[in-house]
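To start, the structure under review is shown below, and the notes come after it.
Numbering of ligands and ligand atoms starts at 1, following listing order. The figures that follow rest on heavy atoms only: side chains count, while hydrogens, waters and symmetry mates do not.
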Amino acid sequence: MSLAPLHDRIENRSARVGVIGLGYVGLPLAVEFARAGFAVTGFDVDATKVAQINAGKTYIPDVREDDLATHVRAGRLSATSDMARLADMDAIDIAVPTPLRKTKDPDLSYVVLAVEAVAATLRRGQLVILESTTYPGTTDEVVQPMLEAKGLKADVDFFLAFSPERVDPGNQQFTTRNIPKIVGGIGESSTKAAAALYGASVDRVVPVSSTRVAEMVKLLENTFRAVNIGMVNELAQMCHKMDIDAWEVIDAAKTKPFGFMPFYPGPGLGGHCIPIDPFYLSWKARQSGFECRFIELAGQVNGSMPQFVVERVIDALNEVRKPVNGSRIHIYGVAYKRDVGDMRESPALDVIQLLVQRGAEISYSDPWVPTLKEGTHSFEALPENEALRRRPDCVVICTDHSAFDWKALVDSGVPIVDTRDALRKFTAPNIVRLSGRAAPAPAVI
Ligand SMILES: NC(=O)c1ccc[n+]([C@@H]2O[C@H](COP(=O)([O-])OP(=O)(O)OC[C@H]3O[C@@H](n4cnc5c(N)ncnc54)[C@H](O)[C@@H]3O)[C@@H](O)[C@H]2O)c1
């Protein structure tokens with residue numbers, strides 16, 4: 001099968017593009033394809049999301065509502081739960097979740113369901129791209145055989161590629177459009193087909209030699225982060241023992257103009273990617289008899305941070321002669337990072353769980369997360385001023401949202417455990433930092 005007809009349809013924008021999974025990754029991608037001039041159909045099993053998109057309403061903070069509505073009104077973007085309509089698509093992008101099971105092995109069930117739907121209507125000339133983060137080998141070992149089951153051959157009758165999504169929700173500077181897109185096909189034609197599609201929609205495409213390389217690129221990127229965050233979290237624990245301020249050390253080290261990149265300690269890893277993806281890699285490597293020691297070690301250190309935070313809470317309460325049991329502890333920020341409402345794998349949940357186990361009464365403030373469930377407990381966010389009016393025994397800053405009024409918090413006099421160095425500008429006896437700070441850093445001369 002020649003690539004030329006699909007290539008022409010991409011070039012003249014008559015190609016119809018389907019995106020399966022309209023979440024943090026899929027919706028911004030669908031909007032980008034629509035902006036490039038393609039007719040885009042989003043497919044999702046969640047009928048609420050489908051209805052919202054068709055009404056021009058966004059539910060992903062990175063997707064502007066006026067932007068989405070413009071494409072919907074122009075007929076360039078619509079959504080459906082009817083998978084049979086995949087038959088009409090020239091190109092299909094799969095961006096469904098790839099979580100880990102409790103046993104830390106990959107759960108490909110969402111990918112398998114989506115690929116089954118694609119396989120059911122697969123026709124000659126279609127381009128299928130997997131975007132979900134996964135272990136090296138998923139595209140050629142799992143997806144390819146499923147799509148070839150009815151006799152069509154990848155890279156001959158249809159095109160198949162992997163292209164990792166690198167979006168960073170909440171990042172204003174780097175978005176789907178200006179983050180370079182890695183593309184690796186099952187064969188040369190597939191790489192060219194996928195590169196042509198993305199080339200029409202994003203600023204830069206980086207082709208690589210295979211789907212496995214493309215899959216591994218994403219895992220290298222996320223493992224790099226997990227390992228470096230693990231290292232600075234260990235540094236924070238070490239600095240605490242030595243009464244050195246880890247943040248001051250990192251900020252000074254980052255003035256080195258080469259060979260250093262800053263990573264910061266915190267209450268633990270969060271989000272859909274960094275705590276999960278490296279374990280996809282270690283699971284797969286173990287099948288080849290290889291133990292990924294860095295990944296396991298970083299997992300252990302990062303996983304120990306919520307307990308380390310609880311120990312700082314015990315220190316803070318100890319200063320005012322109180323036990324954790326029966327204390328009212330208020331959490332500032334529960335989302336996994338600043339200025340997003342994403343709770344997936346948020347370390348605040350672990351901190352809350354550990355404190356509840358010790359008998360603490362928990363409340364929280366988070367402008368991005370109105371309600372919260374942790375185990376059998378449900379919570380409703382309190383406005384900060386109301387929380388401070390109730391005078392909790394201790395406040396724990398788990399997420400440094402920019403909307404928080406830090407001065408009011410410090411001035412309240414309530415003991416505060418700061419896991420994010422959010423209070424770096426303040427010196428007050430009620431602040432307990434994750435790692436020691438004897439005196440404010442001297443002004444730069
Ligand atoms: N969120 C991120 O920051 C990020 C960044 C890079 C890569 N990724 C990867 O991208 C993939 C998607 O992540 P996300 O954050 O967008 O997930 P998400 O949970 O926000 O969205 C996934 C969507 O897929 C839908 N879905 C699930 N099964 C489906 C099916 N069989 N058919 C149709 N729709 C289905 C869900 O209803 C949901 O709307 C994951 O592999 C993730 O690891 C995520």
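- Contacts of Phe404 classified as ring-ring contact (aromatic ring centres under 6.0 Å, His included), with partners at least two apart in sequence or in another chain: Tyr332, His401, Trp406.
- Around ligand 1, the residues contributing at least one heavy atom under 4.0 Å from the ligand are Ile20, Gly21, Leu22, Gly23, Tyr24, Val25, Phe43, Asp44, Val45, Asp46, Lys49, Met83, Ala95, Val96, Pro97, Thr98, Tyr110, Leu113, Ala114, Ser132, Thr133, Glu165, Val167, Pro169, Lys218, His272, Cys273, Arg344.
- In terms of the ring-ring contact (aromatic ring centres under 6.0 Å, His included) criterion, Phe279 has no residue partners (sequence neighbours excluded).
- Looking at residues two or more places apart in sequence or on another chain, you find a side-chain contact (heavy atoms from CB on, under 4.5 Å) between Val369 and Val334, Ala335, Met343, Tyr364, Asp366.
- Phe308 carries Arg312 over the face of its six-membered ring, with the cationic atom under 6.0 Å from the centre and within 45° of the normal.
- Around atom CD of Glu188, no more than 12 heavy atoms belonging to other residues, nucleotides or ligands sit under 6.0 Å away.
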Exercise for the section: Assess whether salt bridge (charged side-chain N to carboxylate O under 4.0 Å, His left out) is satisfied between Glu131 and Lys181, documenting all intermediate values. Expected result: CA-CA 11 Å; Glu131 294 241 355; Lys181 202 86 179 86; 3.1 Å; yes

